[in-house]
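Notes follow the structure.
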There are 4 protein chains.
Amino acid sequence: MSTDSPNRQDPEETARRSIGARRNPASQEAILDAAEAVLEEGGIAGFSIEAVARRARAGKPTIYRWWPHRTALMLDVYKRFKNAKAFPDTGSLRGDLVSFLGDHLLGFWHGSLCGTVYRAVVAEAQTDQEAAKVLNAYHDERMAHSVQIVDRAKSRGEVPQDTDGELIIGLVVSYAWHKLLLGQVEEAMEKVPRVVEVILKGVPGYRG
Amino acid sequence: MSTDSPNRQDPEETARRSIGARRNPASQEAILDAAEAVLEEGGIAGFSIEAVARRARAGKPTIYRWWPHRTALMLDVYKRFKNAKAFPDTGSLRGDLVSFLGDHLLGFWHGSLCGTVYRAVVAEAQTDQEAAKVLNAYHDERMAHSVQIVDRAKSRGEVPQDTDGELIIGLVVSYAWHKLLLGQVEEAMEKVPRVVEVILKGVPGYRG
Amino acid sequence: MSTDSPNRQDPEETARRSIGARRNPASQEAILDAAEAVLEEGGIAGFSIEAVARRARAGKPTIYRWWPHRTALMLDVYKRFKNAKAFPDTGSLRGDLVSFLGDHLLGFWHGSLCGTVYRAVVAEAQTDQEAAKVLNAYHDERMAHSVQIVDRAKSRGEVPQDTDGELIIGLVVSYAWHKLLLGQVEEAMEKVPRVVEVILKGVPGYRG
Amino acid sequence: MSTDSPNRQDPEETARRSIGARRNPASQEAILDAAEAVLEEGGIAGFSIEAVARRARAGKPTIYRWWPHRTALMLDVYKRFKNAKAFPDTGSLRGDLVSFLGDHLLGFWHGSLCGTVYRAVVAEAQTDQEAAKVLNAYHDERMAHSVQIVDRAKSRGEVPQDTDGELIIGLVVSYAWHKLLLGQVEEAMEKVPRVVEVILKGVPGYRG
DNA sequence: GCGTAACCGAGACGGTACGTCGGGTCTTCCG
DNA sequence: CGGAAGACCCGACGTACCGTCTCGGTTACGC
């Protein structure tokens, strides 16, 4: 991903220049690469527009021109990872949810930079009004996409037609968020089947 | 809570002084009051040690002396609200969970400053390693306290003795966090009974 | 000198902005003006980068960008006064030295801000290693310039060719420094002719 | 001098206590020792009341009680060195002045801590009004003492009775100050005889 | 012989200033 | 017109000392 900019740190490299009155894709790539690298090296705390600009050998205004907020930039970094987004149909709701929670959420965040990026975006959204909007929009879009899992279950007849898909997916996503933000992604991955089980069938042995 | 310091903004008020080689409670109160006020007026974005110091008419070093991080200060502000912490025994696990989620978590965060403070703490923990430790410690302590709800249900015979209380409480807390961090506390409050229902009894009509 | 910035204290004045990727002369002028004003009002003790920045409506980093030390800034203030630096040729070594000591050193320092600035620079150089270097460099440069007085005397035939100009000028400068740093510039001015006389002809009536 | 407090850095040493309603000489000694040590280790820049108090294991008020200014403290440190203050009578004014400048001033300042202390005092006097008074008083007292050199020369018949002793001594002291404050004490020591020669007999070969 | 006054250490207090970092804006110059 | 470069103002960061104050304890002196 960032392999196409091997000499970024070389200050003697011939600078990118304007390519006329239009967006220079090389600059955008370099900036995203730099953002990624900065996040990897310095973590969330070390992430700043200044640092990205330095690293990308770009001017700050160039970044601000195309990304209004740090958040927008982070989300773009995040999205570069999120290309294989189709949820595989495992044939059952339980399987789909286990895969969704274990692979698509926790597994995706675990280890890689993605978890860090997403944590940063969420954190930013608490501080900045604009960031919150961006995050909410992204979240809504992903939710709308993810309820397909429940829709598939409906068409299979596993759940009634009036099942509240958002609530179920919401519970799963909530669990993932919670563990991500507490830095407990790894521990959470072991519990995935039990979590899905509780959501689907309730507390085992509950007599209410 | 902060009503006992009515003249804080009066610059002519006789300044607080040292009361010897020990912590001055008046200063600590004033700082917490100021932190609260700053959060109320400026939100998370406007919260800074400088602003708190100015407002409290205190020196920055006095703040840093007693609170190593912004997070520690925020958590102390948060804790001042959290005095009535006993969970009322409603007589049933369902009732207890509804009360816990609806009153103790969402209800507590809703409207008041608490939600803002907690959001800020969570956000800070994403950025700062030390803050994360502080938040995790607090979270663990609250979790340990909250599983009492499930323990009570066990003694009532509502759930088996080997029920994983942490998982159940964890799901409830996760849901609350998620909604808090998305700024959807109010919307979430309506769904409380249905959320509890799903956690206790699973997806209605699920045939797995 | 600072008369061209009459409204500096008006906070409603439109702020200076960047004029591109190069030093903004207006800012530099404003900072020097402010430094001068701060020194005038608060004396050496009141002189701080913070105060200058406040007064100049400039950011501290802008000052630190261009002047690494307080000393460098003070020396620049000092130099703004030192434009008419030619020593008038009075036709005799005695006359030149009297003029040098009385007009160029003591007279220049007397009353005006210059004495204060120079005292500050010297004081700073005692504390700060970097400041000492800056002061020494300036001092060497001035000394090299001032020995011209003796050189002229040599070409006039007043003194032998092997006369140690530095020693003579050094004695004169030493006397001025001493009186400046003791706050006795005014008293010293009366003694100028006698001091020069002793340096040139020795202690009157000495039989050694 | 400071050898009588060998365990100063041992924190387990039993602390000094009050010895009743009077000054504790042990504390005063410890503070002067500490001041000396701090100056030796950190130079002028590292000298602060805090540092001295820490080092002396004394309370800041104890220092402020007995020395109103940093300057007063420094001067006391300085004076501890200045016990052998008698000027040896070398039998001639030239010899006395060479000894005074070379041994009593430059030689005394050279290498040892004294030069540092005196530089600090002079620097402080530029900033602080009170310090200036203290320094002036000390300077006047030393001057009054030093003119004895010229008085002796008068009684020897080397110079006329109306010779301005202060001016001559002043020139010598000025030269020493100048070199001290420029950090050129060592270089200056070589020039001592020539400086005295010029002061006594004027510029060699001058025909005015 | 007992209160009290002054000293001692310790360290917190409100402050000021330090020097640095980053934010977001602006302008110039080059292609 | 895009893009780099970098200066601009601003504000917050966390630290070091400042000089003052109050404390609890200790000792010597005067009543």
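Order of the sequence lines sets the chain letters (A, B, ...), proteins ahead of strands, with each chain counted from 1. Just so we're clear, the structure is a prediction, and the values are computed from it rather than from any experiment.
- For the pair B:Asn24 CG and E:dG14 C1', the computed distance is 11 Å after rounding to whole Å.
- When the P atom of E:dA10 is taken as reference, atom CD1 of D:Ile31 falls 11 Å away, rounded to whole Å.
- What separates CD of B:Glu50 from C1' of E:dG19 is a distance of 14 Å, to the nearest Å.
- To the nearest angstrom, C1' of E:dA10 lies 18 Å from CZ of B:Arg23.
- Closest-nucleotide positions on DNA chain F for A:Gly59 and B:Ser48 were compared, and the one nearer the 5' end corresponds to A:Gly59.
- Summary of the strand contacts: D:Arg70 and C:Ala58 both lie near DNA chain F, and taking for each the nucleotide with the nearest heavy atom, the more 5' one is attributed to C:Ala58.
- Taking atom CG on D:Leu73 and atom C1' on F:dC18, their separation rounds to 15 Å, with Å as the unit.
- Between D:Gln28 and E:dC7 there is no side-chain polar atom (N or O) within less than 4.0 angstrom of OP1 or OP2.
- Look at CD1 on C:Ile49: it is 20 Å from P on F:dA16, rounded to the nearest Å.
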Report each atom pair, protein N/O against N/O of nucleotides 24-31 of chain F, whose distance is under 3.5 angstrom.
residue	atom	partner	partner atom	Å
F:dT26	O2	D:Ser18	OG	3.4

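- C:Arg16 contributes a side-chain N or O that, together with a main-chain N or O of C:Arg57, makes up a donor-acceptor pair within less than 3.5 Å.
- Listed pair B:Arg16 / E:dA12 fails the phosphate criterion, with no side-chain N or O lying under 4.0 Å from OP1 or OP2.
- A donor-acceptor contact shorter than 3.5 Å is absent between the side chain of D:Arg23 and the backbone of D:Trp66.
- Listed in residue order, the members of residues 121-133 of chain B having a heavy atom less than 4.0 Å from DNA chain E come to none.
- At least one side-chain heavy atom of A:Val122 sits less than 4.5 Å from a side-chain heavy atom of A:Tyr118.
- Annotation: side chain of A:Tyr78 is not in contact with side chain of A:Val121 (no heavy-atom distance under 4.5 Å).
- One atom, CZ of B:Arg54, and another, P of E:dT16, lie 12 Å apart when rounded to the nearest Å.
- For the atom pair OG1 (A:Thr62) and CD (A:Gln28), the distance works out to 8.0 Å, reported to the nearest 0.5 Å.
- By the 4.5 Å heavy-atom criterion applied to side chains, A:Ile31 and A:Trp67 are counted as neighbours.
- Remark: A:Glu130 engages A:Lys133 in a salt bridge (charged side-chain N to carboxylate O under 4.0 Å, His left out) (not counting sequence neighbours).
- Summarising the geometry, atom CD1 belonging to A:Ile44 is positioned 10.0 Å from atom CD belonging to A:Glu124; distances are rounded to the nearest 0.5 Å.
- Both C:Ala51 and D:Pro25 lie near DNA chain E, and the one whose nearest nucleotide falls closer to the 5' end is D:Pro25.
- Listed by chain and residue number, B:Arg55 satisfy the side-chain hydrogen bond (donor to acceptor under 3.5 Å, both in side chains) test with B:Glu41 (two or more places apart in sequence, or in another chain).
- Annotation: salt bridge (charged side-chain N to carboxylate O under 4.0 Å, His left out) contacts of B:Glu40 (sequence neighbours excluded): none.
- With D:Arg80 contributing its side chain and D:Glu36 its backbone, the two residues share no donor-acceptor pair below 3.5 Å.
- Residues C:Ile19 and C:Ser27 are not in side-chain contact: their nearest non-hydrogen atoms beyond the backbone lie 4.5 Å or more apart.
- Residues from residues 60-68 of chain B that place a heavy atom under 4.0 Å from any atom of DNA chain F, listed by number: B:Lys60, B:Pro61, B:Tyr64.
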